[in-house]
Amino acid sequence: MQRFVGFVYRDVRLLGPAGRPESIEIAIEPHNGIRGRCSRCRRPAPGYDRLPPRRWLFVPLWGIPTWFCYAPRRLECAEHGVVVEYIPWSQGKRPITCAMMGFLARWARRLSWRETARTFQTSWEMVYRSVEWFVRCGLALRQLDGVASIGVDEIHWGHGLRADNFLTVIYQIDAGCRRLLWVGRRRSQATLRRGLKALGPGFAKRLRFVCTDMWKPYLQVIAAQAGQALHVLDRFHIVSHLNQAVDQVRRAESARLRANHSEAAQRLKHMRWPLLRRGSRVRGRARQKLNALLASKLATARAWELKESFSHFWRYKTVIWAGAFLDYWCFRAVRSRLEPMQKVARMLRAHEPLILNWFRAKGELSSGAVEGLNNKIRVVTRRSYGFRTYKAMEIALYHNLGRLPEPESTHKFC
Ligand SMILES: [Zn+2]
């Protein structure tokens with residue numbers, strides 16, 4: 001940690017009416033006998049002159065806005081000529097101390113940005129700039145050498161289904177470290193290539209496992225750039241494709257029955273969520289309705305049984321038996337005369353080798369890692385941080401899910 005070396009506190013002034021200070025000023029002076037350091041090379045240099053005093057916002061004391069007040073020296077550096085001295089509590093020309101930026105950034109993980117600004121009597125802009133600085137430092141400091149497994153996924157964001165409503169995310173999903181590595185707009189080949197490039201030269205070549213959805217652009221980029229890694233199709237995505245297919249069958253059948261004023265339409269009422277859950281998790285009255293539905297000859301019941309029987313797939317220990325089951329399941333699905341289930345079967349068949357890789361990677365990859373990180377992303381994008389721009393949201397994602405190392409600071413609070 002950088003220390004407050006070479007400077008001393010001279011005095012503290014309370015500004016405003018007596019007994020009700022509106023701000024606090026902490027006057028700082030250079031330490032006698034310790035030379036200032038050149039802001040470019042950080043080597044000690046003899047003094048030249050003093051600039052007028054400047055103020056930097058510090059962490060509020062007793063809820064009162066607090067400022068550092070200091071007249072910076074100009075120095076005569078042997079190498080760089082006349083320069084302003086290095087000031088350890090600030091960065092660049094910003095009128096805020098690093099300690100305060102770190103303080104706001106840490107609070108901005110617990111509160112919304114707006115609440116953070118209100119609580120500490122500053123602006124949304126100031127909170128945004130602080131988090132941005134914190135994230136930039138963290139990204140520059142983080143280590144990516146040990147990343148062996150990644151998950152790549154698409155996240156829907158905002159309203160609508162335009163290309164800009166999707167984000168591509170790259171996670172590290174190693175057992176010891178799960179974090180967001182990269183996020184970018186859209187979900188094309190170019191997006192993923194941009195992401196892998198941003199993670200540094202040789203990053204893709206060092207990977208051992210890659211976990212994705214059956215999204216063609218991703219499959220192509222991974223095959224081209226990380227051919228040495230074992231490419232696994234994520235269990236959670238396959239399950240969600242099956243669930244979507246069951247839901248399509250239910251909706252179509254429900255509309256058909258209602259159009260014919262059939263009594264069987266009642267059986268499908270309020271069944272959306274019980275049908276999407278795992279069979280063993282459906283209890284109580286929903287279970288009774290589900291049993292009644294299964295006893296019927298409705299297409300929805302057959303679709304649900306197909307989906308439910310697929311869960312056996314994950315229990316196999318060997319690739320050969322899992323492959324045999326997959327063939328058998330696809331055969332049944334294709335003969336089911338349920339178009340959405342047939343579509344899933346065709347998709348699974350087309351990606352059979354990648355799906356079976358799940359058994360080759362068994363024990364090394366956690367199937368829930370990508371899903372868990374996706375849920376955390378949703379919490380951040382939906383929480384009312386009051387994002388005004390896409391950029392702000394991106395920064396918030398790195399800040400909350402990137403596990404970034406923290407920048408150095410002369411003082412640390414909270
Ligand atoms: Zn210098």
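Counting starts at 1 for both ligands and their atoms, in listed order.
Formation of a donor-acceptor pair under 3.5 Å by the T168 side chain with backbone atoms of R186 is found in this model. Panel note: side chain H270, backbone P274; no donor-acceptor pair is recorded below 3.5 Å.
A perpendicular orientation is assigned to the rings of W215 and Y218, their planes being inclined by more than 60° (bins at 30° and 60°).
With sequence neighbours excluded, the residues forming a side chain to side chain contact (heavy atoms under 4.5 Å, CB included) with T318 are I320, W321, listed by chain and number. In terms of the side chain to side chain contact (heavy atoms under 4.5 Å, CB included) criterion, residue partners of R94 (sequence neighbours excluded) are, by chain and number, I96, M101, R129, W133.
Here side-chain hydrogen bond (donor to acceptor under 3.5 Å, both in side chains) pairs that include residues 4-17, with residues two or more places apart or in two chains, are Y9-H411, R10-E29, R13-E25.
Listed by chain and residue number, the protein N/O/S atoms under 2.8 Å of the Zn ion (ligand 1) are C38 SG, C41 SG, C77 SG, H80 ND1, with waters left out.
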